[in-house]
Amino acid sequence: MTDRSSDAALLDAARALDAADPLAAHLDAFAEAPGVTAYLDGNSLGRPLRDMPEKLAAFVREDWGTRLIRSWDEQWMALPMRLGDRIGEVALGAAPGQTVVADSTSVLIYKLMRAAAAADPARTELVIETGNFPTDRFLAEGVAAETGLTIRWLEPDPVHGVTVDDVTAAVSDRTALVSLSHVDYRSGALADMPGITAAAHEAGALMMWDLCHSAGVVPMQLDAWGVDLAVGCTYKYLNGGPGSPAFAYLRHGLQGVLRQPIQGWWSAEDIFAMGPEYVPSGDIRQLLSGTPPVTSMLAMQGMLDLIEQSTIAGVRAKSQSLTDLAVRAYDEVLAPLGVRLLSPRDSARRGGHVTIGHPDFRDVTRRLWADGIIPDFRFPDGIRLGLSPLSTSHVETITGVLAVRDALESDDD
Ligand SMILES: *Cc1c(COP(=O)(O)O)cnc(C)c1O
């Protein structure tokens, strides 16, 4: 067993950081999870807010149960756009009228990729990367097969992710779309969104960002940086709950220009015209397809309020403090056991999670879960420490890292 002398110092440092944390009061806004001592998976499924049971009950009793179908006119018809604007304002640096909430991330990626792929027949290539999340890669392959486009694969450094130079070397006057993740789901590497977007535009290509691991934790300026299209999850750092619908951003200048393929009645100019032919809406509603999942849009609203109160810059500052502490603890107690750091060391270059690797981590994760320490495991041998800033303390972070060390050591016995 390794020496435990640094444990007390790490815990003291964590307590001091918690005491000075301007956002610490928000920890109490989240529901308790009996038996869980460290929840390190808020980047996969954010925790519910404490007031969710009352909010859900009130929704069933009043909005649905009493107002009945009148609620569509009174509030639900506008909800995909209203919530989209709110996400845009609080988390994306997007002016109103460019973001909607709908469908799953996968479906929205398909719609936007398909629209971008067809935008200019002279452009025949999609640029994506080999390390991106599977759904993004699979959808690109599907869109390529459907449209006859060719995929040009980037093979970036697995820890540091895609660079501006990688993109510049791959794009040309054949590129229709460059589609990348802002924060890499495995390494946590944070891409240079303004630099890469500019590099895609230099070649005349459209740029789309997957914001699943950055929305609600890393500030961005979609409008100012000229991003064309973006999609992201709401159940990760926006705490919308399992299966809450995704959001899509389409900048004003492309609305009415690009055409998405699932042209259901909610995307028509006049939903209730019920006319013989389809006329697409000229505004952001054109990205919708059918009736939105209203119940699944409830939970994210409270989280957006919390992020707004904290400011996204404040959330990011706490996120960097948490991940820096996790890396310090890694250096002190995990590196000596042969654990690899699979995330960038500089917090300016990473998002909200830190990934570490060891051949025994699959088994270690299973045992940690049984003990109420919940990180997640990513093939082949990575543990992601997902530190959702508003719901995670520094002490919880250290508790998690020390538990990984303990589980790893008992594994050797
Ligand atoms: C979580 C995640 C998704 C999830 O897509 P769903 O359609 O919600 O299942 C997609 N892309 C990335 C990068 C993700 O991290």
Side-chain angles (χ1 to χ4, degrees), residues 40-47 80 83-84 87 91-92 99-114 126-143 153-154 156 158 161-162 177-191 193 196 207-218 220 227 229-249 260 262 287-290 292-293 296-297 299-300 303 319 342-343 350-355 375-379 382-388:
L40 308 173
D41 220 346
N43 60 328
S44 265
L45 181 66
R47 304 176 75 132
L83 261 186
I87 294 172
L92 309 182
T99 313
V100 278
V101 172
D103 308 313
S104 65
T105 299
S106 299
V107 170
L108 286 180
I109 291 174
Y110 171 72
K111 289 180 177 179
L112 291 186
M113 261 186 190
R114 184 71 180 73
L126 285 175
V127 173
I128 61 171
E129 61 128 329
T130 52
N132 206 347
F133 191 81
T135 209
D136 300 63
R137 292 183 279 110
F138 299 163
L139 287 160
E141 289 178 328
V143 166
W153 293 95
L154 304 177
V162 181
L177 176 72
V178 179
S179 177
L180 298 169
S181 284
H182 188 202
V183 169
D184 186 281
Y185 80 106
R186 275 194 291 213
S187 68
L190 175 62
M193 184 185 279
I196 290 175
M207 183 73 220
M208 168 154 124
W209 288 98
D210 183 323
L211 307 176
C212 283
H213 281 280
S214 61
V217 70
V218 179
M220 64 192 89
V227 170
L229 318 119
V231 175
C233 287
T234 63
Y235 52 79
K236 292 173 178 168
Y237 293 102
L238 296 177
N239 300 52
S244 63
F247 64 85
Y249 167 91
Q260 65 99 348
I262 310 180
L287 292 189
L288 301 180
S289 294
S296 296
M297 292 162 138
M300 69 180 85
M303 188 63 177
S319 170
L342 302 177
S343 292
R350 64 172 185 257
H353 65 272
V354 172
T355 305
D376 79 2
F377 177 77
R378 277 291 173 270
F379 185 81
I383 277 182
R384 287 192 309 191
L385 307 169
L387 308 170
S388 189

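Order of listing sets the numbers, starting from 1, for every ligand and every atom in it.
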Practice prompt. Please name all residues satisfying salt bridge (Lys or Arg N to Asp or Glu O under 4.0 Å) with Asp376, sequence neighbours left out, ordered by chain then number.
Written response: Arg378, Arg384

Worksheet entry | With Pro375, the side-chain contact (heavy atoms from CB on, under 4.5 Å) member among Val354, Asp41, Asn43, Ile383 | Ile383

Item to complete: For the pair His182 (side chain) and Leu211 (backbone), establish whether a donor and an acceptor sit closer than 3.5 Å, ignoring hydrogens and angles.
Response: no

Discussion item. Heavy-atom contacts with ligand 1 below 4.0 Å: which residues, ordered by chain and residue number?
Written reply: Ser104, Thr105, Ser106, Phe133, Thr135, Asp136, Ser181, Asp210, Cys212, His213, Cys233, Tyr235, Lys236

Discussion item. My understanding is that only one of Asn132, Leu180, Val162 makes a side-chain contact (heavy atoms from CB on, under 4.5 Å) with Pro156; could you say which?
Written reply: Val162

Worksheet item: Can you find a pair of side-chain heavy atoms, one from Phe133 and one from Ser106, that are under 4.5 Å apart?
Response: no

Worksheet entry | Side-chain donor/acceptor of Ser343 to backbone N/O of Ser187, under 3.5 Å | yes

